[in-house]
Amino acid sequence: FFYNLTEGANLLSFPLITENNEIEIFFDNDNPDLISNFNIPSSLISIISEGVMSLCQSGFGGEYVCVGSLDEISTNKGYWLILENTDSLTIDEAVPSSINEDNLVYDLHSGNNLVSHPYSVAQPIDDAIDNFYLSSIFAIAGSAKAVQYTNGNWYGSLEHLNPSSGYWLVTYGDMQF
């Protein structure tokens, strides 16, 4: 999976299964699955998901540490990666989590839910969201694109859900998806 990251906030997801998903190991330059043309730990300011976050910095002796309530990366969550510099990274030797798609369940609450699209290919909105759930979904917002479901139709600029993107899924009530 390839990520082209900008300075500042990047809304994304990690739809893959790696050997170790602890933040300090996942984003470490010594992670053999992570290929970056920049020193990720020196650029990573924080990682934020729904209701949790970690601040990351070089500690004493140059050791990379993340402190906060977010401990590991999950395939079904969306994340805001806050970077000090523009960067790109590739996560190599990872298995797409879509091989387990039949087992994936989102426990969504009323309002905004920060989720991933944990599949290895992009899907049109109509294919990604089963008709059964449409009456429970108000809108989906991604990075600079959004779509709202009104009177049986999707309206907006978000046409596809992409594998490495995070999304705010806005629901009318609690539901499993």
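Heavy-atom basis, side chains included; hydrogens, waters and symmetry copies ignored.
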Checklist line | Main-chain N/O of A128 paired to D130 side chain as donor or acceptor, under 3.5 Å | finding: no
Margin query: Show, in sequence, the C-alpha distance, side-chain angles and deciding distance for I82 and I47, and conclude whether the side-chain contact (heavy atoms from CB on, under 4.5 Å) test is met.
Written below: CA-CA 6 Å; I82 312 300; I47 303 167; over 6 Å; no
Item checked: Rounded distance [0.5 Å steps], CG in N4 versus CG in D87 -> 9.0 Å
Margin query: Does W80 form a side-chain contact (heavy atoms from CB on, under 4.5 Å) with S143? I'd like the steps, not just the answer.
Written below: CA-CA 10 Å; W80 287 101; S143 187; 5.8 Å; no
Check: Could you give the distance from CD1 (I129) to CG (L134), rounded to the nearest 0.5 Å?
Finding: 7.5 Å
Next item on the list: Decide yes or no for L83 and I45: does some side-chain heavy atom of the first lie under 4.5 Å from some side-chain heavy atom of the second?
Entry: no
Sequence neighbours left out, cut at 3.5 Å: what donor-acceptor pairs do the side chains of residues 168-177 make with other protein atoms?
unit_1 : atom_1 : unit_2 : atom_2 : d
T171   : OG1    : H109   : O      : 2.7
T171   : OG1    : G173   : O      : 3.1
D174   : OD1    : S110   : N      : 2.9
Q176   : NE2    : D107   : OD1    : 2.7

Item checked: Partners passing side chain to side chain contact (heavy atoms under 4.5 Å, CB included) against T150 (at least two apart in sequence or in another chain) -> Q148, Y155
Checklist line | same_hphob_cluster(Y133, F138) at 4.5 Å side-chain heavy-atom cutoff | finding: no
Next item on the list: Could you list the residues that satisfy side-chain hydrogen bond (donor to acceptor under 3.5 Å, both in side chains) with T6, not counting sequence neighbours?
Entry: N10
Margin query: For a 4.5 angstrom cut-off between non-hydrogen side-chain atoms, does N162 reach Y167?
Written below: yes
Notebook entry, point to check: Roughly how far apart are I48 CD1 and L55 CG, rounded to 0.5 Å?
Noted result: 8.0 Å
Note to self: Show the nearest heavy-atom pair for residues S69 and G51, with the distance to one decimal.
What the structure shows: OG-O, 4.4 Å
Notebook entry, point to check: Between atom OG of S164 and atom CG of L5, what is the distance when rounded to the nearest 0.5 Å?
Noted result: 9.0 Å
Notebook entry, point to check: Which pair of non-hydrogen atoms, one from F132 and one from S135, has the smallest distance, and what is that distance?
Noted result: O-OG, 4.4 Å
Next item on the list: Give me the ring orientation class for Y79 and F14: parallel if the planes are under 30° apart, tilted from 30 to 60°, perpendicular past 60°.
Entry: tilted
Item checked: Distance, nearest 0.5 Å, that separates NE2 of H117 from CG of N76 -> 13.5 Å
Margin query: Using side-chain contact (heavy atoms from CB on, under 4.5 Å), reason through E7 and E84 one step at a time and then give a plain yes or no.
Written below: CA-CA 5 Å; E7 178 183 341; E84 197 171 304; over 6 Å; no
Checklist line | Sidechain-backbone polar pair: S49 side chain, G78 backbone, donor-acceptor under 3.5 Å | finding: yes
Checklist line | Validation row: S116, K77 side chains within 4.5 angstrom (heavy atoms) | finding: no
Notebook entry, point to check: So do S43 and N85 actually touch side chain to side chain, heavy atoms under 4.5 Å?
Noted result: yes
Checklist line | Distance (rounded to the nearest 0.5 Å) between E72 CD and N21 CG | finding: 6.0 Å
Margin query: Tell me if a side-chain donor or acceptor on E50 pairs with a main-chain N or O of L114 at a distance below 3.5 Å.
Written below: yes
Next item on the list: Please step through side-chain contact (heavy atoms from CB on, under 4.5 Å) for the pair L44 and C56, ending with a clear verdict.
Entry: CA-CA 6 Å; L44 186 59; C56 302; 4.0 Å; yes
Next item on the list: Give the minimum heavy-atom separation between S13 and P163, together with the two atoms involved.
Entry: OG-O, 3.3 Å
